Amino acid sequence: MGSNFFVAPNTWWNGCENMSLGNNVSVGRGCIFESMAGKISIGNGTGFNSNCTLGADFGSISIGNDVIIGMNTVMRAANHRFDMGSQTLIRKQGHIEGDIIIEDDVWIGANVTINSGVRIGSHSVIGSGAVVTSDIPEGVVAVGIPARELRKIEKKSVGISPK
């Protein structure tokens, strides 16, 4: 665990030995982090609003630096299998592991679901309520169910304007 780490009350951590957290990470009230059989890695300056759930059992979740994550976001790095036919209950068919990769400087809006096997590129924004089922490129705004690129984010130089 990095330095200057803030955790609000009422959070749940399971599998901490499989987690790494950078510096200046902030975790809001009611968040759940599960990685008993998987791995969670969180970069520097990343913040989670309230009630986020990260489930990395049977897979991995890697979040870069300076990522901001809206309330009620769900990330699940595995899916239930359902390919054994109707003779076997779905809940008894096990899981298919996968990875979720969120690169640096991403803003994930409230109530977003991110499924296994997804990479979200740097400097992107995921609109509130989106369901991310496939890769999102760098530098775009993505919205909807399933999430799709809405537009590119214009690159501007940052600095002080002359008077």
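Keep in mind it's a predicted model, so treat the numbers as computed, not measured.
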Can you tell which of Ile101, Leu54, Leu21 makes a side-chain contact (heavy atoms from CB on, under 4.5 Å) with Ile63?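 So, applying the side-chain contact (heavy atoms from CB on, under 4.5 Å) to Ile63 and each of Ile101, Leu54, Leu21, only Leu54 qualifies.
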Mind listing the closest non-hydrogen atom pair of [X] and [Y] along with its distance?
X     : Y     : result
Thr46 : Gly43 : OG1-O, 3.5 Å
Gln93 : Gly85 : NE2-O, 3.6 Å
Asp57 : Ala37 : OD1-N, 3.0 Å
Gly28 : Ala8  : C-CB, 3.6 Å
Ala56 : Ala77 : CA-CB, 4.0 Å
Gly70 : Cys52 : O-SG, 3.3 Å

Once you round to the nearest 0.5 Å, how far does [atom1] of [X] lie from [atom2] of [Y]?
X      : Y      : atom1 : atom2 : result
Ile40  : Trp13  : CD1   : CH2   : 8.0 Å
Ile32  : Thr53  : CD1   : OG1   : 4.0 Å
Lys92  : Arg81  : NZ    : CZ    : 15.5 Å
Met19  : Asn14  : CE    : CG    : 7.0 Å
Ile90  : His80  : CD1   : NE2   : 9.0 Å
Arg148 : Ile136 : CZ    : CD1   : 7.5 Å

Going only through I, L, V, M, F, W and Y residues with side-chain contacts under 4.5 Å, is there a path from [X] to [Y]?
X      : Y      : value
Ile100 : Ile68  : no
Val27  : Val112 : yes
Met75  : Val118 : yes
Val131 : Val125 : no
Trp107 : Ile102 : no

Flag the pair [X] / [Y] as yes when at least one side-chain heavy-atom distance between them is below 4.5 Å, and no otherwise.
X      : Y      : value
Arg76  : Ser116 : no
Ser3   : Asn23  : yes
Ile153 : Val141 : yes
Glu103 : Arg119 : yes
Asp105 : Ser122 : no
Met71  : Asn51  : no
Val67  : Ile120 : no

Looking at Asn65, is its backbone amide N or carbonyl O close enough to the side chain of Asn44 to form a donor-acceptor pair, meaning the two atoms are under 3.5 Å apart?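 Judged by distance alone, no pair lies under 3.5 Å.
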With no hydrogens and no angle check, is any side-chain donor or acceptor of Thr11 less than 3.5 Å from a backbone partner on Arg29? no
Test side chain to side chain contact (heavy atoms under 4.5 Å, CB included) on Ile126 and Thr73; report intermediate values, then the result. CA-CA 11 Å; Ile126 308 299; Thr73 292; over 6 Å; no
Check step by step if side chain to side chain contact (heavy atoms under 4.5 Å, CB included) holds for Asp66 and Asp104. CA-CA 6 Å; Asp66 301 304; Asp104 297 339; 6.0 Å; no
Please say whether more than 12 non-hydrogen atoms of neighbouring residues, nucleotides or ligands are located less than 6.0 Å from CZ in Phe82.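 Open.
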Above 12 or not: heavy atoms from other molecules or residues under 6.0 Å from CD of Gln87?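 It does not: Gln87 CD has 12 such atoms or fewer within range.
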List the steps, then state whether side chain to side chain contact (heavy atoms under 4.5 Å, CB included) holds for Glu97 with Ser60. CA-CA 8 Å; Glu97 66 183 52; Ser60 71; over 6 Å; no
For His95 and Phe58, take the angle between the two ring planes, folded into 0 to 90°, and tell me which bin it lands in: parallel under 30, tilted 30 to 60, perpendicular over 60. parallel
Lys/Arg-Asp/Glu bridge criterion (N-O < 4.0 Å) met for Arg151, Glu154: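 No.
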Classify the side-chain pair Asn4/Asn24 by whether it contains a donor and acceptor separated by less than 3.5 Å. yes
